[in-house]
Number of protein chains: 2
Amino acid sequence: MPRRRSKPSESTIRRLSLYLRALEGLGEEGESTASSELLAGRVGTTAAQVRKDLSHFGSFGKRGLGYEVAPLQVHLKEILGLHRRWPVVLVGAGRIGSALFEYPHFGARGFEIVAILDRDPAKVGRRWGEVEISPMDELESVVHDRKAELAILTIPWDGAQDVAEALVAAGVRGILNFAPLQLRLPPEIEVNDVNLALEMEALSFALHLGGSQVDGVDARSGEG
Amino acid sequence: MPRRRSKPSESTIRRLSLYLRALEGLGEEGESTASSELLAGRVGTTAAQVRKDLSHFGSFGKRGLGYEVAPLQVHLKEILGLHRRWPVVLVGAGRIGSALFEYPHFGARGFEIVAILDRDPAKVGRRWGEVEISPMDELESVVHDRKAELAILTIPWDGAQDVAEALVAAGVRGILNFAPLQLRLPPEIEVNDVNLALEMEALSFALHLGGSQVDGVDARSGEG
DNA sequence: CGGGCCTTGTGAATCATTTCACAAGACCTG
DNA sequence: CAGGTCTTGTGAAATGATTCACAAGGCCCG
Ligand SMILES: NC(=O)c1ccc[n+]([C@@H]2O[C@H](COP(=O)([O-])OP(=O)(O)OC[C@H]3O[C@@H](n4cnc5c(N)ncnc54)[C@H](O)[C@@H]3O)[C@@H](O)[C@H]2O)c1
Ligand SMILES: NC(=O)c1ccc[n+]([C@@H]2O[C@H](COP(=O)([O-])OP(=O)(O)OC[C@H]3O[C@@H](n4cnc5c(N)ncnc54)[C@H](O)[C@@H]3O)[C@@H](O)[C@H]2O)c1
């Protein structure tokens, strides 16, 4: 367990990912050192926030100088668990499933989709690159054999709960879920939901209010 | 402007979207009324949270009874700005772009992709359903003519800042951004980032810590 | 080697969100 | 219509996150 001074929040973790990407950019630009202020600028937060976030895990900077780009990158990768390879099972060989599979950036981070599962017989047996699509009844053996602890779930909502439970039963501990429903799983299982309709709705809300709209929601219809 | 008792937080808004979806489910199941506790259960929060969230916008329930499913649905749609149609411009006719375009659920919420733009000459001129892919130099006229205030940006990071600025210049006020970079735009422009690599990294972090890993991050290398 | 200049790391203070707890209503039953 | 049972709406309390502010260190220059 890393030198943990205090328990980092969910948002701290998400910012660590952003710092890591910012550092990669800085590295490519030839910078060898970065202050909390520079990092904050790249990521859209404040210098104090950067320092506080990092301070949960250790002291990585030098006073008066800032942070060294390359070593901090390494530290962040270790903190985030990216110093190792993560075999991932993808369930749902549909539209987003295929977009994700072909996305090269996952591989660059150590996430490797080692198996694809789908229940559609027309898809089972096809190959995507190196990986052949397997039928659902191989779920358990595939998860087990490939030692996959992470899964990406890109199937419609009505099958998602059952499949998620099967994944967990087979040994999966973390799920990136695209199906628009609340998965009910044991609390030790980590679930991250990606809900794109919700993101659009948040935009709609912001524009709706800021815009010209003035009529609208009246709470009680005929009360006194 | 709706009856706003106090300013709702970002997370309140996101939960409203979840309540709305939960209500739709309850409606389909034939429920005509729902307590804050029931709603909380469906969405994975607490009853007090549900009531507090709703209370920012009005009084929608009846004491002793709960909330009526159908009217609350209508109220939530109005609060979120979903009572109207939102024309949307999609920039980037690639893998996720096409997945999003074909996703029927957006349409069900009033989001309609009315134009697709791409800079690849091989893609320009093709049709996706009713919509023809336009070249980038038509960006301004398309956004303007279709009165699109929302855009979805699914192009690689290196073009994203320029295209986002062009969208804003043409009248777009909200962007759903898939490119993994921090867009720098005027503060009145609403940007929601979808960063899938980051979501995977958050899972990696959680599993990494909870798991067997114990070696790890040591802060200073050769200090004394 | 001392003084000036920077930037970190971090308690304390502020600000935001969530949870608690309960009075005010609403309905139903007898 | 009074009493019992429910569930809302909401101040107040608790918890959590961010920002402030500054002492402690490190580097460089002269
Ligand atoms: N496409 C989008 O842009 C988008 C946007 C937001 C959310 N989503 C959500 O992502 C999920 C997938 O969307 P999509 O557009 O890729 O769908 P899709 O229909 O293109 O693909 C779904 C795939 O899952 C397979 N499948 C269905 N049920 C299954 C089951 N029980 N077990 C195993 N495989 C099963 C199907 O055979 C198909 O190959 C859905 O939940 C959808 O709501 C999609
Ligand atoms: N595919 C994924 O699963 C995935 C996951 C996470 C993030 N992303 C991000 O989403 C974005 C799109 O990913 P994708 O996989 O769909 O890429 P893609 O290469 O399949 O599609 C990108 C499309 O954008 C077009 N394009 C490129 N530059 C452009 C420009 N300057 N102006 C207009 N059009 C331009 C290309 O012609 C192409 O059609 C990228 O930023 C990527 O990092 C994708």
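Each chain gets a letter, A, B and so on, in the order its sequence line appears, and its residues count up from 1.
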Visitor: Between Lys62(B) and Glu68(B), does at least one N-O distance fall below 4.0 Å, as a salt bridge requires?
Guide: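 Counted as a salt bridge, because a side-chain N and a carboxylate O are separated by less than 4.0 Å.
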Visitor: When the nearest nucleotide of DNA chain D is assigned to Arg15(A) and to Tyr67(B) on a heavy-atom basis, which residue is associated with the more 5' position?
Guide: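 It is Tyr67(B) whose nearest nucleotide is closer to the 5' end.
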Visitor: Give the nucleotide from the list dA17(D), dT19(D), dC22(D) with an atom nearest to the side chain of Thr46(A).
Guide: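 The listed nucleotide nearest to Thr46(A)'s side chain is dT19(D).
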Visitor: Rounded off to whole Å, could you give me the CD-to-C1' distance for the Glu37(A) and dC20(D) pair?
Guide: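 One finds 15 Å between C1' of dC20(D) and CD of Glu37(A), rounded.
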Visitor: Looking at every strand, decide which applies to Ser36(B) at a 4.0 Å heavy-atom threshold: base, sugar-phosphate, or nothing.
Guide: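 Sugar-phosphate: the residue Ser36(B), judged by heavy atoms under 4.0 Å, touches backbone atoms but no base.
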Visitor: Between protein and nucleotides 25-30 of chain C, map the contacts as a letter string: B base, S sugar-phosphate only, - none, heavy atoms under 4.0 Å, written 5' to 3'.
Guide: BSS---
Visitor: Separation of Lys52(A) atom NZ from dT7(C) atom C1', in whole Å?
Guide: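 Distance, rounded to whole Å: 16 Å.
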Visitor: Atom CZ of Arg15(A) and atom OG of Ser9(A): how far apart are they, to the nearest 0.5 Å?
Guide: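 Atom-to-atom, Arg15(A):CZ and Ser9(A):OG are 6.0 Å apart.
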Visitor: CD of Glu10(A) versus C1' of dT15(D): gap in Å, rounded?
Guide: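 It is 17 Å, rounded to the nearest whole Å.
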Visitor: Parallel under 30°, tilted from 30 to 60°, perpendicular over 60°: which one fits the rings of Phe60(A) and His75(A)?
Guide: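 Geometry flag for His75(A) against Phe60(A): tilted rings.
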Visitor: Measure the spacing between CZ of Arg109(B) and OG of Ser204(A) and express it to the nearest 0.5 Å.
Guide: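 These two atoms lie 10.0 Å from each other.
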Visitor: The side chain of Ser35(A) is closest to which nucleotide in this list: dT10(C), dT7(C), dT10(D)?
Guide: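 Selected nucleotide (nearest to the side chain): dT7(C).
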Visitor: Rounded to whole Å, please give me the gap between NZ in Lys7(B) and P in dT18(C).
Guide: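 Computing the Lys7(B):NZ to dT18(C):P distance gives 12 Å.
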Visitor: Among dT18(C), dT8(C), dA21(C), find the nucleotide with the atom closest to the side chain of Arg51(A).
Guide: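 So the nucleotide nearest the side chain must be dT8(C).
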Visitor: Please report the distance, rounded to the nearest Å, between CZ in Phe60(A) and C1' in dG26(D).
Guide: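 Taking atom C1' of dG26(D) as the reference, CZ of Phe60(A) is at 19 Å.
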Visitor: Look up atom CZ in Arg85(A) and atom CZ in Phe111(A), then write down how far apart they are to the nearest 0.5 Å.
Guide: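 Here the interatomic distance stands at 12.0 Å.
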Visitor: Step by step, work out the salt bridge (Lys or Arg N to Asp or Glu O under 4.0 Å) result for Glu37(B) and Arg42(B).
Guide: CA-CA 9 Å; Glu37(B) 195 179 353; Arg42(B) 296 294 178 110; over 6 Å; no
Visitor: Can you tell me how far P of dT8(C) sits from CD of Glu68(A), to the nearest Å?
Guide: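 Answer to the nearest Å: 13 Å.
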Visitor: Of all of residues 186-193 of chain B, which get a heavy atom below 4.0 angstrom from DNA chain C, listed by number?
Guide: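 Nucleic-acid contacts, sorted: none.
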Visitor: Quick one: Arg14(A) CZ to dA17(D) C1', roughly how many Å, whole number?
Guide: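 Value for this atom pair: 15 Å.
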Visitor: Touch check for Thr45(A), heavy atoms < 4.0 angstrom, all strands: base, sugar-phosphate only, or nothing?
Guide: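 Nothing: the residue Thr45(A), judged by heavy atoms under 4.0 Å, touches no strand.
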Visitor: Check the orientation of Tyr103(B) and Phe106(B). Use parallel for under 30°, tilted for 30 to 60°, and perpendicular for over 60°.
Guide: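 Geometry flag for Phe106(B) against Tyr103(B): perpendicular rings.
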Visitor: Is the backbone of Glu201(A) close enough, under 3.5 Å, to the side chain of Trp86(B) for a donor and an acceptor to pair up by distance?
Guide: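 No; judged by distance alone, with no hydrogens or angles, the pair does not exist.
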Visitor: On DNA chain D, does the nearest nucleotide to Thr12(A) precede the nearest nucleotide to Ala47(B) from the 5' side, or the other way round? Give the residue.
Guide: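 Between the two, 5'-proximity favours Ala47(B).
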Visitor: Report yes if a side-chain nitrogen or oxygen of Gln49(A) is closer than 4.0 Å to either non-bridging phosphate oxygen (OP1 or OP2) of dA17(D); otherwise report no.
Guide: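 For dA17(D), OP1/OP2 do not have a side-chain N/O of Gln49(A) under 4.0 Å.
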Visitor: Against Leu185(A), only a single residue in Val172(A), Leu167(A), Asn177(A), Val191(A) fulfils side chain to side chain contact (heavy atoms under 4.5 Å, CB included); can you say which?
Guide: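 Result: among Val172(A), Leu167(A), Asn177(A), Val191(A), Val191(A) is the only option passing the side chain to side chain contact (heavy atoms under 4.5 Å, CB included) with Leu185(A).
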Visitor: Can you check whether Leu76(A) reaches Leu23(A) side chain to side chain, under 4.5 Å on heavy atoms?
Guide: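 A side-chain contact under 4.5 Å exists here.
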Visitor: For Leu54(B) and dT17(C), give me the distance from atom CG to atom C1', rounded to whole Å.
Guide: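 It works out to 16 Å between those atoms.
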